[in-house]
Structure formats: C-alpha cells, structure tokens
**Q** 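Have a look at the structure that comes next, please.
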Amino acid sequence: MKILVTGGLGFIGSHTVLELLANGHEVLIADNLSNSKIEVLDKIENISGQKPKFFQIDVTEKAPTQEIFAKEKIEGLIHFAGLKAVGESVEIPLKYYYNNLLSTINLAELCLQYGVGKFVFSSSATVYGEQPSPFREEMPLLPTTNPYGETKAMSERILTDAARVNRGFNVILLRYFNPIGAHPSGLIGEDPNGIPNNLMPYVARVASGKLPFLSIFGDDYETSDGTGVRDYIHVVDLAQGHVKAIESEKTGLNIYNLGTGQGTSVLELVNAFIAANKIDVPYKIVERRPGDIAISFADASKAKAELGWQTKLDLIDMVKSSWNFEKRQKSEVH
Ligand code: NAD
Ligand code: UDP
C-alpha cells in the first residue's frame, strides 16, 4: 500500500515508518520538523535500507498538502502530526487548537477529495478522563484537563462525523496509552527538546547525569505504592499496531486502545530502570502534578480480537531500549 505518514519523523511516526517499510509498504512522510530533526530520515534509511519520499510541509496548510495528494496515488494515511505537550497547551491553547484541529480537517477533506479510503488517527487515553481503569473503547469520553486532550477528543469527533456520512472513508482511531522505549538499533527514540515533561525521557536524562534528580509527582494516590499507575507500551509494539490498523479490512469508524493492559507505578518503572540498566536514578517525592489521574490502563482485548495485535515486549525491554538510546545521544553530543 502507498501510505502517507504525517509527523513521520517524530517519535512514534519514525518507528511506524520502519514497521511499514518492513511489511513491504511504500511510505511518504510529511513533517514540518517543528518537533523532529531531518537526521531521522537518514537513520530510517540506515536501518531499513530505504529512503521514504519526504515533504517538509505544514499539514495545516492546504495547498502544499494538496499537492502531495494530487501527485501521489495515496491509498492510506496515518496522521501523527500534532503538538503534544500538555503543559504548553494550557499556556498557548490557540496554537494547539489551530495545529491539531486544522491538520485533521485538511487531511480528512483531502482524503475525501482524492478517494483515500483509510485514515488512521493518533488519539490518546487522555480522552477517557478520570474514570475507573481498565478503559474500554465504548466508555464515554469525559472532559480532559487541558487543551491538548480536547484536541484529541475533538479530532475524534470530526473524523467520526465524516466517516458516518462518507461511505468508503474508513477511519481508525487509535487511543495510545504511554509509549516509551526505543528502536533496538538505538538510532531512533524519544528525544524531546529542553526539559522533558514525560516520565521516561526524564528518567533517562537523570541516569545520564544531564538532570540531577527525578521529581516523583505524589506518593499518596490510592495505588499499591502511592505513585501514579500507567500502562507503558513499547513504541515498537505501538508501531506494529499501526501496521495492523492500516492493513485492516474494517469499514466505517473503528476505535482501538493500544496498550498492554498492565498498570505500572512510577516507582516500579524507576526501579525496573535501575535494576535492568544497573545505573542509579536519584529521585525525590514532590507534590502531585495538577491534572494527573491516579490510574490509567487499557483493556486491550478489542485490538487483539479485531486487529490480531497484542504487545510482545515487556517493561524490561522498554527501560533497556530507552537507556540504550539515551546513551547514544550522550555519545553523539560529545
Ligand atoms: P512527536 O512530537 O515526536 O511527533 C509529531 C511530529 O509531527 C513531529 O515530527 C512534528 O515535527 C510533526 N508536526 C507537528 N505539527 C505538524 C504540522 N502542522 N505539520 C507537519 N508536521 C507536524 O510526537 P509523538 O510522540 O511521536 O506523537 C505522535 C502523535 O501521537 C501526536 O499526535 C501525539 O499527540 C499522539 N500521542 C502521543 C503520545 C505520546 O505519549 N507520545 C500519547 C498519545 C498520543
Ligand atoms: N511523572 C513523575 N515525574 C515526572 C514525569 C511524570 O512522577 O517528571 C509521573 C506522572 O505523575 C504520571 C506518570 O509519571 O503518574 C506518567 O506521566 P507522563 O507525563 O509520562 O504521562 P501521562 O500519563 O501524564 O500522559
């Protein structure tokens, strides 16, 4: 299949591009490099031996995006391009609504115009809001605590409405839980600019000495050890879920959780990182982070039953590959 991947040089996009190539698909990438580096394209080539066609464009801009659709006979679209920093979305909400909603609307319109029948969208477990885990796809969407989360819920709604009235426009909404880990080559992984917001890249930078200690946001939640519980999923497993989704024969609108179905606390993750990598990660317990919920993990049975997908990699694979990637970042800097 000829597949356009928006945001294909980002963390999840780049891993998905590799899995698509490994499964014999032709891949085109559109990315404006707002949160990624062009070197990732060379790394994709190093690993796969193939260089996807790359378009440095902003997919909120209709004209350059349309040019791709007009020239290439695209059969499927995976839409990763988006801004994703929760805290930043509270500070600059309009930028988030503009970028994340306009991109989705433009791409959906172009798919309809050019007869692209498969649209896979990167959604998030955040759309479930605060309700008891495990989260199941048929649960109601509750308000999230930030504009980023709202852009995911709104994009889901936009695509749901479009799929309802356009036969042949088949949409799959993938709700990711907490992607971590990196490619086994150590060449690509999550490399946020500045101080990381998310737990895993923060832990990796503390381990490498780039940051002095980890702040654990609260140890008074109603969980086994008081720290927050999340469903961490290896990014390579997540990427393979996208291959199953784009190859699926399902029609209309379909929604899948992509998670392991297992909850892990912050302390369990940090201790697994320390034990598996034999490196210290100093931490301090601090106040809860506003907006965080206690527990979030998936019921991942629908993706298994309908897409034939389930995770294969465990927490040890996740923490080892994250550290392997981080170490290489360090050696590249020096
Ligand atoms: P990322 O920032 O690494 O990748 C996003 C890519 O999109 C970047 O390369 C960026 O340059 C590009 N981009 C952003 N806006 C663009 C635009 N207007 N035009 C063209 N390119 C644009 O993020 P990621 O972690 O790989 O996440 C990918 C998608 O998955 C995002 O939509 C994100 O919201 C969603 N998601 C991520 C997580 C997570 O924890 N990483 C969880 C749930 C959902
Ligand atoms: N967390 C933490 N310290 C950090 C970053 C995150 O204790 O520096 C905790 C956070 O409170 C949550 C978990 O780690 O319980 C995962 O947070 P992350 O931001 O990675 O993902 P989220 O689930 O919020 O999307």
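All ligand and atom numbering here is 1-based and tracks the order in the structure. All values reported here derive from a predicted model rather than from experimental measurement. Along the sequence shown, the residues carry numbers beginning at 1.
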**Q** State whether Asp317 and Lys312 are salt-bridged, where the test is any N-O pair (Lys NZ or Arg NE/NH1/NH2 against Asp/Glu carboxylate O) under 4.0 Å.
**A**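 Looking at Asp317 and Lys312, the cut-off is not met.
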
**Q** Would you please classify the geometry between the Phe169 ring and the Phe119 ring as parallel, tilted or perpendicular, with 30° and 60° separating the classes?
**A**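 The rings of Phe119 and Phe169 stand perpendicular, inter-plane angle above 60°.
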
**Q** List the protein residues in contact with ligand 1, where contact means a heavy-atom separation under 4.0 angstrom.
**A**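 Residues Gly7, Leu9, Gly10, Phe11, Ile12, Asp31, Asn32, Leu33, Ser34, Asn35, Ser36, Ile57, Asp58, Val59, Thr60, Phe80, Ala81, Gly82, Lys84, Asn99, Ser122, Ser123, Ser124, Tyr148, Lys152, Tyr176, Pro179 each place a heavy atom under 4.0 Å from ligand 1, listed by chain and number.
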
**Q** Return the orientation label for the Tyr114 and Phe69 ring planes: parallel under 30°, perpendicular over 60°, tilted otherwise.
**A**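 Tilted, since the angle between the ring planes falls between 30° and 60°.
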
**Q** Using the ring pair (Phe, Tyr, Trp, His ring centres under 6.0 Å) rule, collect all pairs that involve residues 206-249, keeping only residues at least two apart or in two chains.
**A**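 Pairs touching residues 206-249 that pass the test: Phe80-His242, Tyr176-His242.
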
**Q** Below 3.5 Å only, please: the N or O atoms of ligand 2 paired with protein N or O atoms, distance on each line.
**A**
{"unit_1": "ligand 2", "atom_1": "3 (N)", "unit_2": "Ser215", "atom_2": "O", "d": "2.7"}
{"unit_1": "ligand 2", "atom_1": "7 (O)", "unit_2": "Phe217", "atom_2": "N", "d": "2.9"}
{"unit_1": "ligand 2", "atom_1": "11 (O)", "unit_2": "Asp292", "atom_2": "OD2", "d": "2.6"}
{"unit_1": "ligand 2", "atom_1": "17 (O)", "unit_2": "Arg289", "atom_2": "NH2", "d": "3.4"}
{"unit_1": "ligand 2", "atom_1": "19 (O)", "unit_2": "Asn198", "atom_2": "ND2", "d": "3.1"}
{"unit_1": "ligand 2", "atom_1": "19 (O)", "unit_2": "Arg289", "atom_2": "NH1", "d": "3.4"}
{"unit_1": "ligand 2", "atom_1": "19 (O)", "unit_2": "Arg289", "atom_2": "NH2", "d": "2.8"}
{"unit_1": "ligand 2", "atom_1": "20 (O)", "unit_2": "Asn198", "atom_2": "ND2", "d": "3.3"}
{"unit_1": "ligand 2", "atom_1": "20 (O)", "unit_2": "Leu199", "atom_2": "N", "d": "2.9"}
{"unit_1": "ligand 2", "atom_1": "21 (O)", "unit_2": "Asn178", "atom_2": "ND2", "d": "3.1"}
{"unit_1": "ligand 2", "atom_1": "23 (O)", "unit_2": "Asn178", "atom_2": "ND2", "d": "3.0"}
{"unit_1": "ligand 2", "atom_1": "23 (O)", "unit_2": "Arg230", "atom_2": "NE", "d": "2.6"}
{"unit_1": "ligand 2", "atom_1": "24 (O)", "unit_2": "Arg289", "atom_2": "NH2", "d": "3.0"}

**Q** Main chain of Ile246, side chain of Lys118: is a donor-acceptor contact present, judged purely on distance under 3.5 Å?
**A**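 Such a contact is found between Lys118 side chain and Ile246 backbone.
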
**Q** List the steps and the verdict of side-chain hydrogen bond (donor to acceptor under 3.5 Å, both in side chains) for His79 and Ser103.
**A** CA-CA 9 Å; His79 178 31; Ser103 58; 3.3 Å; yes

**Q** Partners of Asp299 by side-chain contact (heavy atoms from CB on, under 4.5 Å), sequence neighbours excluded?
**A**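 Here the qualifying residues are Pro134, Arg136, Ser301.
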
**Q** Do the charged groups of Glu137 and Arg175 touch, with an N to O distance under 4.0 Å?
**A**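 A salt bridge is absent here (no side-chain N lies under 4.0 Å from a carboxylate O).
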
**Q** For residues Arg328 and Leu187, determine if any side-chain heavy atom of one lies less than 4.5 Å from a side-chain heavy atom of the other.
**A**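 Answer yes - side chains close enough.
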
